[in-house]
Amino acid sequence: QVQLVESGGGLVQAGGSLRLSCAASGRTFSSYAMGWFRQAPGKEREFVAAISWSGGSTYYADSVKGRFTISRDNAKNTVYLQMNSLKPEDTAVYYCAAKEVSVLVAAEYEYDYWGQGTQVTVSS
């Protein structure tokens, strides 16, 4: 069992940056693939980024490629999402997710554990 707690959300102006963190409990965190998803008001939850258990492989949605960076620190049981050049359309609740089998996928049904989410609001 893994519990995930996101932090780092907030209000930022367009063009600004935020770094989200996701702290995980559980002994096997380092063996899991991790992902970030987001859900904007009135929209379906969508994939943002994923990272392999070692951090050696990453995968991004086209909408954030070149602006967002996913990383992890297995010693701290934490995964990060650095978000730069933020746009109003990045406004959403951001969720961290863990997948027991370390394969990089975008489908949310593939993920086994979810956090409660953290709000990111980008003003124009």
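Only heavy atoms go into these numbers, but all of them, side chains included; no hydrogens, no water, no symmetry mates. These figures come from a predicted structure and were not determined experimentally.
- Although no hydrogens or angles enter the test, the distance criterion places no donor-acceptor pair under 3.5 Å between the side chain of Ser85 and the main chain of Arg67.
- In the hydrophobic clustering of this structure, Ile70 groups with Tyr32; members are Ile, Leu, Val, Met, Phe, Trp, Tyr whose side-chain heavy atoms approach within less than 4.5 Å, directly or through other members.
- Applying the ring-ring contact (aromatic ring centres under 6.0 Å, His included) test to every pair with at least one member in residues 51-110, sequence neighbours left out, gives these pairs: Phe47-Tyr59.
- In the model, Asn84 has a side-chain atom that pairs as donor or acceptor with a side-chain atom of Ser17 under 3.5 Å.
- Shown here for Ser21 and Trp36, the closest heavy-atom pair between the two residues is O-CH2, 3.7 Å.
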Discussion item. Assess the residue pair Leu81 and Thr69 against the criterion (side-chain contact (heavy atoms from CB on, under 4.5 Å)); give the C-alpha distance rounded to whole Å, side-chain angles, the decisive distance to 0.1 Å, and a yes or no.
Written reply: CA-CA 6 Å; Leu81 186 67; Thr69 302; over 6 Å; no

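- Under the rule for a salt bridge (Lys or Arg N to Asp or Glu O under 4.0 Å), the partners of Lys65 that lie at least two apart in sequence or sit in another chain are Asp62.
- Residues Val12 and Val48 fall within the same hydrophobic cluster, defined by Ile, Leu, Val, Met, Phe, Trp and Tyr side chains chained together at heavy-atom separations under 4.5 Å.
- Under the 4.5 Å side-chain heavy-atom criterion for Ile, Leu, Val, Met, Phe, Trp and Tyr, Leu104 and Val101 are members of the same hydrophobic cluster.
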Fill in: Full working for side-chain contact (heavy atoms from CB on, under 4.5 Å) between Met83 and Leu20
CA-CA 8 Å; Met83 305 186 295; Leu20 305 183; 3.8 Å; yes

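- In this structure, CZ on Arg19 lies 7.0 Å from CD on Gln82, to the nearest 0.5 angstrom.
- Remark: the backbone N or O of Cys96 is paired with a side-chain donor or acceptor of Glu6 at under 3.5 angstrom.
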Item to complete: Output, in order, the C-alpha distance, side-chain angles, deciding distance and verdict of side-chain contact (heavy atoms from CB on, under 4.5 Å) for Arg38 and Glu46.
Response: CA-CA 5 Å; Arg38 67 186 182 186; Glu46 65 175 4; 2.6 Å; yes

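- A donor-acceptor contact shorter than 3.5 Å is absent between the side chain of Ser31 and the backbone of Phe29.
- No side-chain heavy atom of Val2 sits less than 4.5 Å from a side-chain heavy atom of Glu100.
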Worksheet item: Run the side-chain contact (heavy atoms from CB on, under 4.5 Å) check on Leu4 and Met34 step by step: do they pass?
Response: CA-CA 10 Å; Leu4 305 172; Met34 300 296 296; 4.0 Å; yes

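- The distance from the CG atom of Asn77 to the CD atom of Gln3 is 12.5 Å, given to the nearest 0.5 Å.
- Atom CD1 of Ile51 is separated from atom OG of Ser71 by 6.0 Å, given to the nearest 0.5 angstrom.
- Both Tyr111 and Val103 are part of a single hydrophobic cluster, where members link through side-chain heavy atoms under 4.5 Å apart.
- With hydrophobic clusters built from ILVMFWY side chains whose heavy atoms lie under 4.5 angstrom apart, Trp114 shares a cluster with Val105.
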Name each donor-acceptor pair under 3.5 Å that joins a side chain in residues 115-124 to protein atoms two or more places apart or in another chain, with its distance.
from, atom 1, to, atom 2, distance (Å)
Thr118, OG1, Gly9, N, 3.2
Gln119, NE2, Ala92, O, 3.4
Gln119, NE2, Thr121, OG1, 3.3

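- A distance of 10.0 Å separates CZ in Arg72 from SG in Cys22, rounded to the nearest 0.5 Å.
- Inter-residue side-chain proximity for Tyr113 and Gln1 is flagged as met; some heavy-atom pair is nearer than 4.5 Å.
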